[in-house]
Amino acid sequence: MSDTLTITDNRTGQTIEVPVDGHGAFNASELKKLGVVSFDQPLLATATAHSAITYIDGEAGILRYRGYPIDQLAEQTSFLEVAYLLAYGELGTAAQLQAFQSAVLTAEVDTDRIRRHVESFPAGSHPMAVLISGYAALGALHQEAKAAVHDAAARKEMLPQAMAETLQLGALAIAAHVGQSAGTPAGDSYAGQFLRACGNAIAPKGMSEEKLAVFSRALEVLFILHADHELNAGTNAMRAIGSAESDAYSSLAGAAAALYGPLHGGANEAVLKMLAKIGDVGNVPAFIESVKNRDGKLMGFGHRVYKNFDPRATVIKKVVDEVFAVSGKDPLLAVALELEKIALHDEYFVSRKLYPNVDFYSGIAYKAIGFDPAAFTVLFAVPRTVGWLTHYDEMMSAEFKITRPAQVYVGAGERPLPAR
Ligand code: CMC
């Protein structure tokens with residue numbers, strides 16, 4: 001048996017034989033020989049990268065970064081270790097990690113300039129709008145990012161700087177949205193620095209060191225879970241923009257814009273709004289019926305790849321318990337648990353393989369830490385920046401062409417402009 005596909009155009013009788021590689025992929029551009037294209041708007045059966053970063057088996061609920069299971073990474077490592085692992089492919093040695101940690105946590109950031117960018121927006125502006133535009137603005141600041149497009153070493157050097165800037169930009173955008181003053185990053189963990197940088201935005205009356213320690217570790221785990229997720233919509237945008245040889249900061253702006261959407265990273269904010277609207281456990285059955293009648297979606301449920309469970313959701317449930325132990329319980333958790341209980345047994349959701357995804361419980365944890373719902377997608381984007389830059393670097397390090405899909409034209413044929 002040969003590792004090939006035989007494709008016959010029954011309209012013409014023409015046949016082509018195309019090799020299938022060891023991963024089950026064939027080169028779809030071979031179809032051009034038959035004069036046909038594959039139509040795949042959601043890219044359900046179209047791979048656009050050979051990637052060695054993240055492995056997902058959606059049926060089995062498996063997620064691994066560089067081969068390491070996500071639950072082990074979440075329990076035993078720090079976000080900076082995971083960032084190093086994603087970017088460099090291996091767990092660093094103690095010395096390598098030390099150098100990387102210090103490069104990120106002590107990078108020189110032009111905070112004043114970032115603050116001026118944030119303050120140029122009207123009061124109450126959504127922090128994702130500020131973040132997206134902030135990446136583009138940082139591109140103007142870092143002219144060297146253009147040369148880094150073709151320079152592997154320079155691309156690696158950008159990561160600590162971009163992570164440090166993202167931390168400041170995200171924290172300032174979150175604080176400005178709620179009209180509170182930001183703080184100064186301090187401490188030896190990325191999430192801990194981020195929490196301190198958010199300042200009064202999460203704790204207008206201050207926060208005990210004990211609470212801060214628990215919340216920092218919880219956020220660290222949430223950051224690890226969000227660091228990468230192979231070719232989702234945001235990462236696809238990062239790669240597509242990068243394929244035009246745009247600089248990494250401009251590409252980040254596009255990736256973050258894709259993440260902002262409610263079907264992607266914006267779902268965590270939408271979940272919390274949905275839970276608040278339902279309000280009480282007693283209203284859950286009626287809400288489920290409205291979803292089944294297609295009045296709206298059950299936000300935080302369903303996933304393109306995971307069809308049995310999202311392994312990140314399992315870890316997040318534990319994080320929620322740890323956060324609640326110091327923050328006190330949020331009554332919205334009872335609403336979420338009831339929604340999950342009913343949905344997991346309802347034929348509509350079971351037959352469509354809809355399960356809670358990463359966004360279903362993450363918002364509850366963020367809220368308990370003290371974040372405003374508008375901050376939630378920023379909390380997704382901040383760690384995902386590492387994944388985006390790693391994918392950008394992986395793509396630039398290999399052979400690629402500009403991503404330029406074909407279309408199926410369905411518009412008018414040629415027609416003369418009416419006489420004027
Ligand atoms: N609530 C109700 N019905 C749903 C939902 C939902 N959350 N998700 C999918 N369905 C239905 C959908 O209407 C369709 O039904 P039918 O076949 O009868 O028309 C069926 O399930 C299959 O859905 P699909 O739209 O073909 O699935 P997809 O793979 O294109 O979309 C998704 C995946 C995540 C966009 C979708 O499940 C969704 O919109 N979920 C809610 C938003 C959400 O929580 N997004 C966060 C995703 S995880 C974080 C991230 O990585 O971004």
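Every number for a ligand or one of its atoms is a count from 1 in the order of the listing. Please read all numbers here as calculations on a predicted model, not as lab measurements.
Between Tyr135 and Trp388, the two ring planes are perpendicular [angle over 60°; tilted spans 30° to 60°]. Ring-plane geometry between Phe100 and Tyr84 is classed as perpendicular, the angle between the planes exceeding 60 degrees on a 0 to 90 degree scale with a lower cut at 30. Note: Phe376 and Tyr366 have tilted aromatic rings, judged against thresholds of 30 and 60 degrees for the angle between ring planes.
Checking each of Asp110, Leu169, Leu172 against His117 for a side chain to side chain contact (heavy atoms under 4.5 Å, CB included) leaves exactly one that passes, namely Leu169.
Scanning the protein heavy atoms around atom 50 (C) of ligand 1, the nearest turns out to be His264 ND1, 3.5 Å. For atom 4 (C) of ligand 1, the closest non-hydrogen atom on the protein side is Leu354 CD1, 3.5 Å. The single protein non-hydrogen atom nearest to atom 34 (C) of ligand 1 is Gly302 O, 3.6 Å, given as residue, atom name and distance. Val291 CG1, 3.6 Å is the protein heavy atom nearest to atom 2 (C) of ligand 1. For atom 40 (N) of ligand 1, the closest non-hydrogen atom of the protein is Phe301 O, 2.9 Å. Arg294 NH1, 3.5 Å is the protein heavy atom nearest to atom 19 (O) of ligand 1. The shortest contact between atom 42 (C) of ligand 1 and any protein heavy atom is with Met299 CE, 3.6 Å.
By the 3.5 Å distance cut-off applied to N or O atoms, Arg304 is counted among the residues near ligand 1.
Ion pair Glu119/Arg116 not flagged as a salt bridge, since none of the NZ, NE, NH1 or NH2 atoms sits closer than 4.0 Å to an Asp/Glu carboxylate oxygen.
With a heavy-atom cut-off of 4.0 Å, Phe360 does not touch ligand 1 at all. Contacts between Asp310 and ligand 1 below 4.0 angstrom, taking non-hydrogen atoms only, are absent altogether. Contact annotation: for Asn357 versus ligand 1, heavy atoms closer than 4.0 Å belong to the side chain alone.
Within the 4.0 Å heavy-atom cutoff, Lys292 does not count among the residues contacting ligand 1.
For atom 6 (C) of ligand 1, the nearest non-hydrogen atom from the set Leu298, Val271, Ile288 comes from Leu298. Around atom 39 (O) of ligand 1, the closest heavy atom drawn from Lys297, Arg312, Met274 belongs to Lys297.
Within a 6.0 Å sphere centred on NZ of Lys318, other residues, nucleotides and ligands contribute 12 heavy atoms or fewer. Residue Arg113 qualifies as open at atom CZ: its count of foreign heavy atoms under 6.0 Å is 12 or below.
Atoms of ligand 1 lying under 4.0 Å from at least one heavy atom of Arg352, given by number and element, are 11 (C), 15 (O), 16 (P), 18 (O), 20 (C), 21 (O).
You'll find the ring centres of Phe121 and His126 outside the 6.0 Å limit.
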